[in-house]
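Counting from 1, the numbers follow the sequence of the chain as shown.
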Amino acid sequence: MARFSVGAGTDQRFDVNLSILFTELPLLERPAAAAAAGFTAVELWWPWIDTATPDQSELDALKKALEDAGTQLVGLNFYAGQLPGPDRGAVSVPGEESERFKANIDVAADFAASVGCTALNALYGNRVEGVDPAVQDELALANLVVAARAADRVGAILLIETLNKPESPLYPLVSAPAAIEVVDKVNAATGLGNAKFLLDIYHLAMNGEDVSQVIAAYADKTGHVQIADMPGRGAPGTGELPLEELIGELRKAGYDGFVGLEYKAADAAASFEWLPAEARAAR
């Protein structure tokens with residue numbers, strides 16, 4: 001496996017996505033596992049896929065696990081349905097899922113505030129058979145406006161993510177411009193300017209987009225970055241993407257935020273060999 005250079009690593013802050021790595025462990029043990037591997041920053045999908053409004057005791061337990069491990073939560077999804085699973089968010093899904101998302105907004109925002117997390121990701125949701133896409137888009141915008149205001153209340157940004165069509169065929173935001181259009185609409189509606197693009201290099205590459213061009217065009221609207229290699233969604237060096245080069249392009253374009261490690265690995269601890277140990281702790 002190719003190793004990133006120490007220079008590249010120390011210029012960049014990385015975090016571990018605990019919803020896709022260390023999943024062999026219970027949720028509350030994962031922050032400590034990330035810390036044992038040398039990382040001080042982590043991110044999460046919404047951890048409670050069956051409820052948008054978990055008991056306060058569960059929220060408190062996760063906060064304690066993060067604090068005990070010495071890890072900073074730098075990214076959190078709003079409620080997104082069955083993820084992992086068939087769902088890709090609830091923002092644009094009429095009925096019960098949209099209501100769950102609404103109920104989750106303040107819960108997620110308040111939890112983020114309690115642990116110092118300043119980035120909240122709202123997955124758009126799949127197209128629903130028999131529902132006019134325009135109706136879904138109108139619902140999504142209304143929900144995202146509320147979410148953006150809640151994020152702003154706690155000093156956070158709202159992230160809008162592009163996914164890839166081969167793996168998420170019903171998800172409508174499968175290009176960078178599609179997500180940017182939503183970002184711009186939310187910012188226009190709120191006047192807050194805190195909606196940002198979640199630039200996931202793996203998803204963009206899976207869609208056949210020129211990632212370098214996306215970085216050049218939208219680095220100034222990017223609030224968070226995630227990586228995995230392609231094909232296979234494995235660690236850097238397991239596929240064909242020039243991830244170190246692309247991260248360098250992001251830095252040169254002015255992006256100074258976190259890069260989330262959102263890849264699959266049977267043994268998470270062993271999968272970090274590409275990143276020198278001294279480059280893992282966030283600075």
Is a side-chain donor or acceptor of [X] paired with a backbone partner of [Y] at a separation under 3.5 angstrom?
{"X": "Asn164", "Y": "Met206", "result": "no"}
{"X": "Arg3", "Y": "Glu273", "result": "yes"}
{"X": "Glu161", "Y": "Leu173", "result": "no"}
{"X": "Gln72", "Y": "Gly116", "result": "yes"}
{"X": "Thr190", "Y": "Leu192", "result": "yes"}
{"X": "Asn121", "Y": "Leu158", "result": "no"}

Please check if any side-chain donor atom of [X] sits under 3.5 Å from a side-chain acceptor atom of [Y], or the reverse.
{"X": "His203", "Y": "Glu167", "result": "no"}
{"X": "Asp50", "Y": "Gln82", "result": "yes"}
{"X": "Asn17", "Y": "Glu262", "result": "yes"}
{"X": "Tyr79", "Y": "Glu97", "result": "yes"}

- [ ] Might you point out which heavy atoms bring Ala41 and Val74 nearest each other, and give the distance in Å?
- [x]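 Closest approach of Ala41 to Val74: CB-CG1, 4.0 Å.
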Under 4.0 Å between a Lys/Arg side-chain N and an Asp/Glu carboxylate O for [X] and [Y]?
{"X": "Arg280", "Y": "Asp15", "answer": "no"}
{"X": "Glu249", "Y": "Lys252", "answer": "no"}
{"X": "Lys102", "Y": "Glu99", "answer": "yes"}
{"X": "Lys221", "Y": "Asp184", "answer": "yes"}

- [ ] For a ring pair (Phe, Tyr, Trp, His ring centres under 6.0 Å) with Phe78, tell me which candidate from Trp45, Tyr124, Phe101, Phe111 qualifies.
- [x]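 One option only clears the test, and that one is Phe101.
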Note, [X] side chain near [Y] side chain (heavy atom, < 4.5 Å):
{"X": "Val42", "Y": "Phe258", "value": "no"}
{"X": "Leu120", "Y": "Asn77", "value": "no"}
{"X": "Val91", "Y": "Ser98", "value": "no"}
{"X": "Pro94", "Y": "Val128", "value": "yes"}
{"X": "Asn143", "Y": "Leu139", "value": "yes"}
{"X": "Val186", "Y": "Leu141", "value": "yes"}
{"X": "Gln136", "Y": "Arg127", "value": "yes"}

Open item on the list: Does the structure place the NZ or CZ of Arg88 under 6.0 Å from the centre of the six-membered ring of Tyr171, at an angle of no more than 45° from the ring's axis?
Closed with: no
Report, one line per pair, each donor and acceptor closer than 3.5 Å where one atom sits in a side chain of residues 144-156; sequence neighbours left out.
from   : atom 1 : to     : atom 2 : distance (Å)
Arg153 : NH1    : Asp110 : OD1    : 3.0
Arg153 : NH2    : Asp106 : OD1    : 3.2
Arg153 : NH2    : Asp110 : OD1    : 2.9

TODO: Give, for atom CG of Leu204 and atom CG of Leu163, the distance between the pair rounded to the nearest 0.5 Å.
DONE: 10.0 Å
TODO: Working to the nearest 0.5 Å, report the span between OG1 of Thr51 and CD of Glu58.
DONE: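 One finds 8.0 Å between OG1 of Thr51 and CD of Glu58.
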Task: With sequence neighbours excluded, residues passing salt bridge (Lys or Arg N to Asp or Glu O under 4.0 Å) with Asp60 - done: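 Salt bridge (Lys or Arg N to Asp or Glu O under 4.0 Å) check on Asp60 returns nothing, list empty.
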- [ ] Look at atom CD of Glu96 and say whether more than 12 heavy atoms of other residues, nucleotides or ligands are closer to it than 6.0 Å.
- [x] no
- [ ] Tell me, yes or no, whether the heavy-atom count around Glu29 atom CD, taken from other residues, nucleotides or ligands under 6.0 Å, exceeds 12.
- [x] yes
Open item on the list: Classify the ring geometry of Phe14 against Phe4: parallel below 30°, tilted from 30° to 60°, perpendicular beyond 60°.
Closed with: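 Because their plane-to-plane angle is over 60°, the rings of Phe14 and Phe4 count as perpendicular.
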Task: ring-ring contact (aromatic ring centres under 6.0 Å, His included) evaluation trace for Tyr263 with Tyr202 - done: CA-CA 9 Å; Tyr263 60 75; Tyr202 168 75; over 10 Å; no
